[in-house]
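We use all heavy atoms of the structure for the numbers below, so side chains are in, but hydrogens, waters and symmetry mates are not.
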There are 2 protein chains.
Amino acid sequence: MIIMVTRIALIGFGVVGQGFTKILLEQKESLKTQHGFEYEVVAISDTMKGSVYDENGLDLNKLLEIVEETGEINSYPGGIKGWDSLKTINETNSDLIVEVAWTDLTTGEPAISHVKAAINCNKHCVMTNKGPIALAVNELEALAKDKGVQIRYEGTVMSGTPALNLAMLTLAGSGIYKIQGIINGTTNYILSEMEKGLGYDEALKQAQDLGYAEADPTADVGGYDALGKIVILANVVLGANLKKDDPPCEGITKITLDDVNSALEEGFRWKLIASAELHDDGSVEASVAPKKVPLSHPLANVMGPTNSLTFSTKYVDDVTIIGPGAGKEATGFSVLIDVLDIHRLTSYK
Amino acid sequence: MIIMVTRIALIGFGVVGQGFTKILLEQKESLKTQHGFEYEVVAISDTMKGSVYDENGLDLNKLLEIVEETGEINSYPGGIKGWDSLKTINETNSDLIVEVAWTDLTTGEPAISHVKAAINCNKHCVMTNKGPIALAVNELEALAKDKGVQIRYEGTVMSGTPALNLAMLTLAGSGIYKIQGIINGTTNYILSEMEKGLGYDEALKQAQDLGYAEADPTADVGGYDALGKIVILANVVLGANLKKDDPPCEGITKITLDDVNSALEEGFRWKLIASAELHDDGSVEASVAPKKVPLSHPLANVMGPTNSLTFSTKYVDDVTIIGPGAGKEATGFSVLIDVLDIHRLTSYK
């Protein structure tokens, strides 16, 4: 096997970027022996923490240590400092850009510009940022195809639990016509806790205390986070061209303790279900709404912050995946899985 | 994109071979447009039904029609007749061999010879036959690596539900250290029916009437079918080198209606669980045995003939997949998924 060294530049060095870097370090030897994958991280650029570039590769142990101590990249000894994200994408000797800067679901920026810059200089780009994918995936995929590079974004749906790669790689050709699932962990946690007797407000407070929910929980409890993800699935897996705010979206804020209990008595459980379905005429319908799911259904038994998706297919009936939908390590890993698949494709002889 | 035509030879033309062929026909257009995949089936060789070879490709509609009418391939008009499996593998202009002849779990033959022949003449080989994989996967993978060809066998574990590809591709680098699951549909169906009040013998009889269980049900109810599959998972995913009959194996024949009911009263459900675990010292322990699983566990809620596997990983915690574990279409599809992945690798520019 010919070993090529993949040179990586990270745009953003927060929780996900650092999580990915730690996995790279921990798995360095097994990535080489099991996957023929060798890497150097040559550059990191973060709006808050500063930036560094060394064409020969950075010392990641030292870098993580310094960021932990000082909160900044700038005190890393050596390397070129001060390059912004676009200069880092365009002018470093990187082959692959990992875009893990912040998410803006309204404009998709600055991530969309980062991804376009990467594509335009013929670099592969892996991201976990829902913004560019929920807003512009079809445009970005067309640009990438034109340039012959890969853009990959497994982490945008269920972090490190296979969702897009499951559908696009391991279920390729299966004739997926419907996708439905639980793709927001916060709301599933709240509904699970309400079953234990907590009121909605109390359960939300608990989710906030545990770090599952933001101080402003609207994106989760209003269904908008799940909406962004189901739009990604509809566009990528079912070939739709939905805009992020097209599908009807209802959250869980109207679900009461009474609703939860009376559903259970009838053999059902309330779940916030995101779904997308390909119709015979080629149109795709998507929605997010609370639904009463029979207790015998695989989705009914997905509890706490866990996520799950059921793919209905022509040739394998229903295939359901269950796993975590968030987390520093899981999302960091989602970057690795895309990086490894790009390596597998580009290194195959 | 450069379109290459993949030339396929089928060794065996029973339920799986015909199922795969029907999917190829039905999806011809979408395989081309969505996956850049074009194919010709140039040869088929089946011990019972005869054989045919046409270097320019066979008319699959006609072929399926003739086999349905006459039970034989020989009456297909045109093409060279009478080549046996080895001659078909060695001397046709095929690039890829689909080995779907019969399964012999004792010797692995004739499948092992078929796979070796394919590798030796530098052809990729896709199979659904547990025999060669349960008995000789490490040897065959080493031969294939040496020749630079792919051998693939997704269908050997859960038919078309992603199991090996899920672990090896979409969870690559996740640090899988434990695999456990329900990988025999017949026994899971029997246990599910016993919960409805049927005795073991009655439930088995029903499984036989429905075609889930063979007339001699030993391979299923004795746990040996699940054993072959968990040995495959242990060797392929966890890097073990287990022989097929090494791990302890206990079936469901001793489970009584009383056992089923008293477990349920305690909040558990009896399931035939196959498991394999990688220990810190690098050893791998596997077993098949009935276990009481808490009702809150995803595996407890997998009912009827459905299969499921939970992968415990370092970076994504537990990831569970649920889907059918058998069926003509699902197993036929499992061949397609491997064929498409080989195409994806070999056609990437």
>> I'd like to verify something: which residue of Leu336(B), Asp317(B), Asp318(B), Leu171(B) has the highest number of heavy-atom pairs under 4.5 Å with chain A?
In response: Leu171(B)

> Checking Leu345(B) against chain A: side chain, backbone, both or neither under 4.5 Å from a heavy atom?
Replying inline: both

>> Would you say that Val335(A) contacts Asp338(A) through its side chain, given a criterion of any heavy-atom pair below 4.5 Å between the two side chains?
In response: no

> Can you tell me how far CD of Gln180(B) sits from CG of Leu233(B), rounded to the nearest 0.5 angstrom?
Replying inline: 12.0 Å

> Of the listed residues (Gly173(A), Ala330(A), Gly323(A)), which shares the most heavy-atom pairs with chain B below a 4.5 Å separation?
Replying inline: Gly173(A)

> Is chain A contacted by the side chain of Tyr315(B), its backbone, both, or neither, given a heavy-atom distance below 4.5 Å?
Replying inline: both

> What part of Thr170(B) lies closer than 4.5 angstrom to a heavy atom of chain A: side chain, backbone, both or neither?
Replying inline: both

>> Please classify the contact of Leu340(B) with chain A as side chain, backbone, both or neither, using a heavy-atom distance under 4.5 Å.
In response: side chain

> Given that the side chain runs from C-beta out, which part of Lys314(B) has a heavy atom under 4.5 Å from chain A: side chain, backbone, both or neither?
Replying inline: both

> Around atom CG of Asp281(B), are there more than 12 heavy atoms of other residues, nucleotides or ligands at under 6.0 Å?
Replying inline: yes

> Who wins among Leu169(B), Thr161(B), Asn165(B) for the most heavy-atom pairs under 4.5 Å with chain A?
Replying inline: Leu169(B)

> Can you list the residues that meet the side-chain contact (heavy atoms from CB on, under 4.5 Å) rule with Thr346(A), with sequence neighbours excluded?
Replying inline: Met4(A), His124(A), Ile342(A), Tyr348(B)

> Is the shortest distance from a Lys or Arg side-chain nitrogen in Asp95(B) or Lys123(B) to a carboxylate oxygen in the other one below 4.0 Å?
Replying inline: no

>> Please identify, among Ser296(A), Ser174(A), Gly175(A), Gly148(A), the residue contributing the most non-hydrogen atom pairs under 4.5 Å to chain B.
In response: Ser174(A)

> What residue in Ile321(B), Leu166(B), Thr306(B), Ile23(B) has the most heavy-atom pairs under 4.5 Å with chain A?
Replying inline: Ile23(B)

> Are Lys32(B) and Glu29(B) within salt-bridge range, i.e. N to O under 4.0 Å?
Replying inline: no

>> Under 4.0 Å between a side-chain nitrogen and a carboxylate oxygen: does that hold for Glu195(B) and Arg269(B)?
In response: yes

